[in-house]
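Below: the structure, in structure tokens.
By convention in this document, chain letters (A, B, ...) are assigned in the order of the sequence lines, proteins followed by strands, and residues within each chain are numbered from 1.
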Amino acid sequence: MAKFLTNREENYSQWYNDLVIKADLAENSAVRGCMVIKPYGYAIWEKIQAGLDKLFKETGHVNAYFPLFIPKSFFSKEAAHVEGFAKECAVVTHYRLKNDGKGGVIVDPAAKLEEELIIRPTSETIIWNSYKNWIHSYRDLPILINQWANVVRWEMRTRLFLRTAEFLWQEGHTAHASREEAIEETQRMINVYAGFAENSMALPVIKGYKSENEKFAGAIDTYAIEALMQDGKALQAGTSHFLGQNFAKAFDVQFTDKTGKLDYVWATSWGVSTRLMGAIIMGHADNNGLVLPPKLAPIQVVIVPIFKKAEQLPVISELAGKIKKDLESKGITVKYDDRDNNTPGWKFADYELKGVPVRIAIGPRDIENGTLEIARRDTLSKQIIPSHTASEYIPKLLDEIQINIYNKAVDFRKENTFYVDKWDDFLRIIEEPGGFIMAHWDGTTETEEKIKEETKATIRCIPFDSPEEEGKCIYTGKTSRRRVLFARSY
RNA sequence: CGGGGUGUAGCGCAGCCCGGUUAGCGCAUCUGGUUUGGGACCAGAGGGUCGCAGGUUCGAAUCCUGCCACCCCGACCA
């Protein structure tokens with residue numbers, strides 16, 4: 001078979017980039033660092049959106065929308081927050097262009113804004129400015145709002161889906177009457193994300209606390225889910241922040257509690273982005289292209305007709321149409337590809353590249369025998385089934401594929417998670433094969449930074465379920481009570 | 001902002017060192033035909049300011065100078 005992708009083992013980055021482009025998910029745009037998401041890629045994002053949105057609603061949240069622009073003064077109200085984002089902000093300074101007299105346009109100096117506007121890198125500030133007006137009493141709480149939006153972070157180096165200057169995401173912003181309730185919400189949402197990653201994206205994740213160094217700018221605590229990619233690097237797939245009263249204090253949002261006492265509101269925020277697309281790609285893809293989990297595949301089943309003479313097509317189409325209708329009635333998305341400008345072999349390879357979970361081929365031989373050829377993307381195996389069993393068999397097969405690719409990812413993570421107690425081993429393993437390293441750490445930022453300098457590995461999280469055990473810090477030898485998760489990351 | 005690299009057809013590249021007819025190849029596109037159970041084949045066609053500007057020369061994709069753009073490796077990061 002012809003080679004369509006860069007060799008994955010040789011150059012993983014190049015392979016990833018190739019795959020995103022060739023599978024028709026996205027491409028680089030004319031604007032530096034920005035991405036065009038193409039219809040096929042966006043269709044996957046829509047599935048992700050729909051899945052998450054349902055979970056958000058089930059946990060009591062509603063959607064709303066806040067402005068793209070944030071006045072500079074709002075932005076700087078929370079000290080840690082502005083510190084964390086200042087270096088990557090796009091700023092609007094003018095509101096008008098004018099003719100430069102040479103056939104072009106220039107920014108009109110007369111149209112300078114009184115106060116510059118920041119294009120949101122995240123919306124805490126603009127949202128809490130509104131919450132100030134919405135919250136007066138404990139009766140106004142909780143507020144459980146989510147926003148689907150785009151944000152801009154002016155990154156130095158970008159990669160399709162993993163880090164782009166502008167990206168699509170959702171950000172939840174909640175307000176609560178008590179610390180406990182806010183913490184509970186923070187935990188609830190990290191669990192929602194973990195559940196989605198595992199059930200829908202078929203990717204196992206590790207839930208944990210971020211270290212002081214890695215937590216969100218303005219948060220008291222950041223919880224994250226971390227997934228292991230096939231090149232041995234970690235990907236932060238979602239975060240949920242307990243913001244304490246930091247933003248309420250910055251925006252002076254107080255409420256009267258049941259006893260008539262005035263207190264600041266407790267906050268959380270949480271988000272996932274189009275980066276999840278990158279997680280799906282790097283978590284499951286193989287040398288033939290994408291492997292999409294059935295629950296997120298825009299096309300779950302593709303039917304490819306095989307015919308020698310044009311006269312054979314109507315009979316095949318009739319059967320294909322019937323199967324399509326049967327499957328669709330069970331909620332399965334089916335595409336019948338009867339274009340005659342590509343050969344079946346071309347289509348097979350193309351749908352594999354695009355990660356379609358199940359392919360049905362129907363040819364004259366099948367018409368004669370009353371059979372279908374079923375190929376599954378995850379194992380690349382094929383089998384012949386009686387055509388009348390398709391509407392029973394295919395739904396079960398899709399479930400099986402969903403489970404199988406999850407199990408594969410779990411096995412991969414098991415094989416690439418190392419419990420390390422010696423610094424020499426740490427140095428060796430982080431180079432080859434990479435992966436997750438569970439090691440003791442003395443809890444200090446200094447140590448974390450030294451390890452980062454020497455190995456490029458960071459503390460991805462302090463897993464919630466990391467058992468208490470006596471140990472010595474991998475780097476300093478000081479006492480430690482639990483292992484933390486180290487990895488190189490995206 | 002540091003270090004390295006590349007700009008030649010829609011995409012991927014060769015040619016450049018050593019200047020010389022009409023700038024070439026693969027993929028893609030279009031036409032016609034044969035094909036179609038794993039990325040088909042044959043024949044033909046279209047498509048180029050050789051990144052931009054200047055210089056050297058009888059002659060520049062090729063040599064020189066300046067500029068621009070993009071990519072990779074760092075610093076930054078969901």
Enumerate the protein-to-nucleotides 29-36 of chain B contacts in which both atoms are nitrogen or oxygen and the separation is below 3.5 Å.
| unit_1 | atom_1 | unit_2 | atom_2 | d |
| --- | --- | --- | --- | --- |
| rU36(B) | O2' | Phe307(A) | O | 3.4 |

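Remark: the separation of the C1' atoms in rU8(B) and rG12(B) is 12 Å, to the nearest Å. Between rC67(B) and rG4(B), the two P atoms lie 16 Å apart (nearest whole Å). For the P atoms, the distance linking rG15(B) with rG24(B) amounts to 16 Å, nearest Å. Taking the C1' atom of each, rC11(B) and rC70(B) are spaced 15 Å apart, rounded to whole Å. When the P atom is used for both rC63(B) and rC76(B), the distance is 39 Å, rounded to whole Å. With both ends at atom C1', the span from rC64(B) to rU57(B) equals 12 Å, rounded to whole Å. One P atom belongs to rC50(B), the other to rA9(B), and the distance between them is 10 Å to the nearest Å. Annotation: rU31(B) and rG38(B) have their P atoms spaced 27 Å apart (nearest Å).
Within 4.0 Å (heavy atoms only), Leu162(A) reaches at least one base atom of the nucleic acid. Within the 4.0 angstrom heavy-atom criterion, base atoms lie near Phe167(A). Using a 4.0 Å heavy-atom criterion, one finds that Thr458(A) contacts no nucleic acid atom at all. Heavy atoms of Lys456(A) sit under 4.0 angstrom from primed sugar atoms or phosphate atoms, though from no base atom. Within the 4.0 angstrom heavy-atom criterion, base atoms lie near Glu155(A). Across all strands shown, Arg359(A) has heavy atoms under 4.0 Å from base atoms, whether or not it also approaches the sugar-phosphate.
The side-chain hydrogen bond (donor to acceptor under 3.5 Å, both in side chains) test applied to Thr389(A) returns no partner, not counting sequence neighbours. Taking the salt bridge (charged side-chain N to carboxylate O under 4.0 Å, His left out) definition, one finds that Glu431(A) meets it with Arg488(A), sequence neighbours left out. In terms of the side-chain hydrogen bond (donor to acceptor under 3.5 Å, both in side chains) criterion, residue partners of Gln383(A) (sequence neighbours excluded) are, by chain and number, Tyr393(A). Applying the ring-ring contact (aromatic ring centres under 6.0 Å, His included) test to Trp270(A) and every residue at least two apart in sequence or in another chain returns Phe56(A), His61(A). Every side-chain hydrogen bond (donor to acceptor under 3.5 Å, both in side chains) that Trp148(A) has, sequence neighbours left out, goes to Asp53(A). Under the side-chain hydrogen bond (donor to acceptor under 3.5 Å, both in side chains) criterion, Thr174(A) pairs with His176(A), Thr268(A), not counting sequence neighbours.
Rounded to whole Å, atom P of rA78(B) lies 8 Å from atom NZ of Lys210(A). With rounding to whole Å, Lys347(A) atom NZ is found 12 Å from rA40(B) atom P. Distance, Arg460(A) CZ to rA78(B) P: 8 Å, rounded to whole Å. Taking atom CG of Asn341(A) as the reference point, atom P of rA40(B) lies 12 Å away to the nearest angstrom.
Between Gly363(A) and Glu88(A), the residue anchored nearer the 5' end of RNA chain B, judged by the nucleotide with its closest heavy atom, is Gly363(A). Looking at which nucleotide of RNA chain B each of Ser489(A) and Glu373(A) is closest to, the 5′-most match is held by Glu373(A).
Under the salt bridge (Lys or Arg N to Asp or Glu O under 4.0 Å) criterion, the residue pairs touching residues 196-211 of chain A are Lys210(A)-Glu226(A), with sequence neighbours excluded. Residue pairs meeting the salt bridge (Lys or Arg N to Asp or Glu O under 4.0 Å) criterion with at least one partner in residues 290-315 of chain A, sequence neighbours excluded, do not occur; the list is empty.
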### Message
If a pair means Watson-Crick or G-U wobble with both distances below 3.5 Å, what does RNA chain B look like in dot-bracket form, with | marking bases paired to a different strand?
### Response
((((((((.[[[[.)....(...]]]].((((((.....)))))).....[[[[[..)....]]]]])))))))....
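Taken residue by residue, residues 270-285 of chain A places heavy atoms nearer than 4.0 Å to RNA chain B at Ser273(A), Arg275(A).
With rC76(B), rG38(B), rG37(B) as the choices, the nucleotide that has an atom nearest any side-chain atom of Arg365(A) turns out to be rG37(B).
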Report, one line per pair, each donor and acceptor closer than 3.5 Å where one atom sits in a side chain of residues 38-51 of chain A; sequence neighbours left out.
| unit_1 | atom_1 | unit_2 | atom_2 | d |
| --- | --- | --- | --- | --- |
| Lys38(A) | NZ | Asp24(A) | OD1 | 2.8 |
| Tyr40(A) | OH | Lys354(A) | O | 2.6 |

